[in-house]
Amino acid sequence: MPTASPARRTIAVMLLIPAVAALALWAFAWPAARTAPHDLPIGIAGPAAAAAPLEARFEHRQGAFEVHRYDDEAAARKAIEDRVVYGAVAMTPQGPKVLTASAASPVVARFLEESVTASAPPGTRVAAEDVVATPAGDPRGSALASSILPLALAGVTAGAMVTGLGLRGARSALALTGAAVLVGITATALTHSWLGVLAGNWWAEAGAFTLATLAVGATVAGLAALLGPPGFGLGALLIVLLGNPFSGVATAPELLPEPAGLIGRWLPPGAGGSLLRSVAYFDGRGAGAAALTLSLWAALGLTAVLVCGRRRTAAGAPAATRAAEPATAG
């Protein structure tokens with residue numbers, strides 16, 4: 001097959017790079033510029049007569065909030081700790097009390113507190129309590145969000161190295177799994193033991209880091225095994241240019257414009273951030289969907305790697321036999 005002329009290759013570079021830049025700017029800037037609540041789950045607790053006006057104000061913004069009603073403050077606290085809602089407003093005899101969880105999303109916690117304070121009648125004292133706070137080592141909750149891109153890059157690099165080094169089948173799967181386990185241990189040692197920005201069970205956090213890295217690495221390697229070099233590009237595009245900005249880890253998926261928030265939940269970076277948040281701050285509560293999502297990505301990627309590796313081995317065996325026949329006959 002003839003190769004493209006230097007002039008055509010020059011034009012291809014000139015056109016492709018701006019296209020990639022435009023895609024990256026769209027993926028990163030669009031969600032940031034359109035940040036607003038979309039079916040954001042919040043709770044309202046207290047007697048119906050006192051809670052009804054506040055509930056009506058939240059529901060007036062159609063599509064912005066998903067309001068959950070609770071009988072009392074204790075039930076609202078339980079819902080926050082179980083990651084059912086991001087925060088709640090409890091109507092008490094002393095006035096409204098905002099219950100937040102900065103560990104779930106510092107942005108939502110601030111937003112909820114400011115919204116209730118701004119809508120309260122003049123002179124009303126609005127109390128606030130952070131039910132599930134971020135650890136002292138990360139008071140703004142930014143370190144967890146910052147850890148997702150390095151994990152994505154580590155997974156993409158693992159997939160690229162396995163493909164580039166020509167590892168196939170079981171050896172490829174072993175390399176991806178082993179690398180993910182070591183990334184998990186290393187990342188937990190840095191974030192939990194050294195920086196003190198995670199506060200959960202050490203091994204559960206290492207498992208979350210491992211599963212997130214394996215899901216990315218297996219996806220990239222699996223696509224490369226199925227599609228060749230274009231598969232690697234597709235995997236990197238899916239993880240870095242879509243998965244990272246659509247993850248909502250720095251804010252919340254419900255603050256991203258749709259369908260970015262929905263897509264982000266089902267891609268490895270978003271699922272990895274959610275799983276890590278659950279095990280680091282909420283004792284694993286609310287981790288099921290994210291763990292299942294990552295497991296599916298990892299399983300599908302490893303299956304593709306193993307199946308394609310076996311096919312290539314089977315295809316290579318007859319060729320090797322045919323090549324050996326003339327020498328044997330001679």
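Not measured: the values here are computed from a predicted model.
- T293 contributes no side-chain N or O that, together with a main-chain N or O of W266, makes up a donor-acceptor pair within less than 3.5 Å.
- Open room surrounds CG on D71; 12 or fewer heavy atoms of other groups in view lie less than 6.0 Å from it.
- In this structure, a donor-acceptor pair under 3.5 Å is present between the side chains of S278 and R83.
- P245 places none of its side-chain heavy atoms less than 4.5 Å from the side chain of W30.
- Remark: the Q62 side chain and the H60 side chain contain no N/O donor-acceptor pair separated by less than 3.5 Å.
- Between T177 atom OG1 and L302 atom CG the span is 5.5 Å, to the nearest 0.5 Å.
- Judged purely by atom type and a 3.5 angstrom limit, D39 has no side-chain atom pairing as donor or acceptor with the backbone of E66.
- For W26 and F246, the gap between ring centers is short of 6.0 Å.
- With T186 contributing its side chain and V183 its backbone, the two residues share no donor-acceptor pair below 3.5 Å.
- Distance CG/L112 to CG/L99: 9.0 Å, rounded to 0.5 Å.
- No side-chain heavy atom of V131 sits under 4.5 Å from any side-chain heavy atom of T100.
- Annotation: side chain of F28 is in contact with side chain of L241 (closest heavy-atom distance under 4.5 Å).
- Using a 3.5 Å distance cut-off with no hydrogens or angles, the side chains of E258 and H38 do not pair a donor with an acceptor.
- In this structure, the side chains of T219 and L300 stay at 4.5 Å or more apart for every pair of heavy atoms.
- Under a 3.5 Å cut-off, the side chain of D138 and the backbone N or O of S142 do form a donor-acceptor pair.
- Within the 4.5 Å cutoff, no side-chain heavy atoms of L211 are placed close to those of T213.
- Between the CG atom in L242 and the OG atom in S247 there is a gap of 11.5 Å [rounded to 0.5 Å].
- For R171, the CZ atom is loosely surrounded, since the number of other residues' heavy atoms within 6.0 Å does not exceed 12.
- A distance of 7.5 Å separates OG in S172 from CG in L306, rounded to the nearest 0.5 Å.
- Atom CZ of R285 sits in a crowded spot, with more than 12 heavy atoms from other residues, nucleotides or ligands closer than 6.0 Å.
- A salt bridge is defined here as a Lys NZ or Arg NE, NH1 or NH2 lying under 4.0 Å from an Asp or Glu carboxylate O, and R77 with E73 meets this definition.
- Here CG of L151 is found 11.5 Å from CD1 of I239. Values are rounded to the nearest 0.5 Å.
- Listed for the R277 side chain is a donor-acceptor partner under 3.5 Å among the backbone atoms of V249.
- One finds the CZ atom of F58 at 5.5 Å from the CD1 atom of I44 (value rounded to the nearest 0.5 Å).
- Side-chain contact of W202 with S193: a donor-acceptor pair under 3.5 Å is present, judged by distance alone.
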